[in-house]
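Reviewing the structure listed below.
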Amino acid sequence: MRVRDLMPLNAPVAIGSYHFDAEGIIAFASKYDPHFFHVDAEKAKNSLFGGLCASGWHVAAAAMKLNVAHNQKEALRLKAEGHEPPKLGPSPGIRDLKWLKPVFAGDTIAFSLTFLGDGPGYRPDYEICNIRFEAINQNGETVMRFDSRVVEFV
């Protein structure tokens, strides 16, 4: 099977949600993005954001974690149904990464993928799938969006 056989064009597919708590936000940011508004709740109150918020890279990492889990679950389901799952490879990159709203401690973010189409790759044995990732908070607000490309071996 191919990605185009599994995902309707331009229709979001839910891949899961992730809860951002203060401890997780601080732990991630302490290692990877130690701006004061990610690591110090008191100082963050006086920041542009008005409170402790997750690093955008933390939100993107949560998207990747859920993406991998979704792909693994789908591969198992397809094999159980007697189908060969898509043969996905690495991503040659992303475009238009946008952090549209802050993700605060206590927010639960729902992630989705949307298949935007596919086309030829650089070699005849694979194509490039274009996938949009979106992250939406519990208030229905989009907090992050980016378009990703992924290799699909044919």
Side-chain angles (χ1 to χ4, degrees), residues 3 6-78 85-119 121-123 126-153:
V3 170
L6 298 171
M7 295 181 70
L9 189 65
N10 298 318
V13 174
I15 62 169
S17 62
Y18 188 91
H19 182 75
F20 289 83
D21 60 32
E23 296 78 19
I25 288 171
I26 293 168
F28 184 95
S30 294
K31 284 184 169 183
Y32 305 110
D33 191 2
H35 286 90
F36 74 92
F37 39 82
H38 300 320
V39 296
D40 188 322
E42 280 305 308
K43 286 183 182 177
K45 289 178 185 175
N46 296 318
S47 74
L48 174 69
F49 302 113
L52 185 72
C53 61
S55 165
W57 298 113
H58 189 178
V59 180
M64 286 301 104
K65 177 179 180 163
L66 292 169
N67 178 55
V68 170
H70 173 76
N71 288 342
Q72 290 171 341
K73 181 179 170 184
E74 280 296 291
L76 290 173
R77 180 185 68 79
L78 289 167
K87 295 176 181 75
L88 301 177
S91 171
I94 63 172
R95 296 184 304 274
D96 299 322
L97 171 60
K98 294 179 181 169
W99 293 301
L100 301 164
K101 292 196 173 274
V103 172
F104 293 105
D107 284 353
T108 298
I109 306 301
F111 292 87
S112 66
L113 303 173
T114 303
F115 178 63
L116 302 176
D118 54 19
Y122 307 108
R123 298 184 347 203
Y126 68 83
E127 290 188 345
I128 300 292
C129 292
N130 296 298
I131 309 281
R132 174 161 295 148
F133 282 77
E134 284 193 301
I136 299 174
N137 69 16
Q138 66 278 356
N139 300 318
E141 301 166 317
T142 302
V143 299
M144 183 187 72
R145 177 184 304 123
F146 64 89
D147 292 344
S148 177
R149 300 168 66 213
V150 65
V151 169
E152 182 176 14
F153 295 98

(request) Search all heavy atoms of Leu52 against all heavy atoms of Phe104 and return the closest pair with its distance. (result)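 Closest approach of Leu52 to Phe104: O-CD2, 3.3 Å.
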Residues forming a salt bridge (charged side-chain N to carboxylate O under 4.0 Å, His left out) with [X], sequence neighbours excluded:
X      : result
Lys45  : Glu42
Glu127 : Arg2, Arg4
Asp21  : none
Arg145 : Glu134

(request) Could you walk me through whether Leu116 and Asp147 pass side chain to side chain contact (heavy atoms under 4.5 Å, CB included), step by step? (result) CA-CA 9 Å; Leu116 302 176; Asp147 292 344; 3.9 Å; yes
(message) Run the side chain to side chain contact (heavy atoms under 4.5 Å, CB included) test on Val151 and Lys87 for me, step by step, so that the C-alpha distance in whole Å, both residues' side-chain angles and the decisive distance to 0.1 Å come before the verdict.
(response) CA-CA 8 Å; Val151 169; Lys87 295 176 181 75; over 6 Å; no
(message) Side chains of Ile131 and Phe115, heavy atoms from C-beta outward: is any pair under 4.5 Å?
(response)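 Yes, side chains in contact.
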Is there a donor-acceptor contact under 3.5 Å from the side chain of [X] to the main chain of [Y]?
X      : Y      : answer
Ser91  : Gly93  : yes
His38  : Cys53  : yes
Asn137 : Asn139 : yes

(request) Sorted by first residue and then second, give each side chain to side chain donor-acceptor pair (under 3.5 Å) pair with at least one member in residues 100-111; sequence neighbours left out. (result)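 Found His19-Thr108, Asp107-Gln138.
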Cut-off 3.5 Å, no hydrogens considered: what does the side-chain donor-acceptor table look like for residues 56-73, sequence neighbours left out?
none

(request) Report, as yes or no, whether the 6.0 Å neighbourhood of atom OH on Tyr32 holds more than 12 heavy atoms from other residues, nucleotides or ligands. (result)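 No, because the 6.0 Å sphere around OH of Tyr32 holds 12 heavy atoms or fewer from other groups.
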(request) Look at the aromatic rings of His35 and Phe37 and report parallel, tilted or perpendicular, splitting at 30° and 60°. (result)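 His35 vs Phe37 ring planes: parallel.
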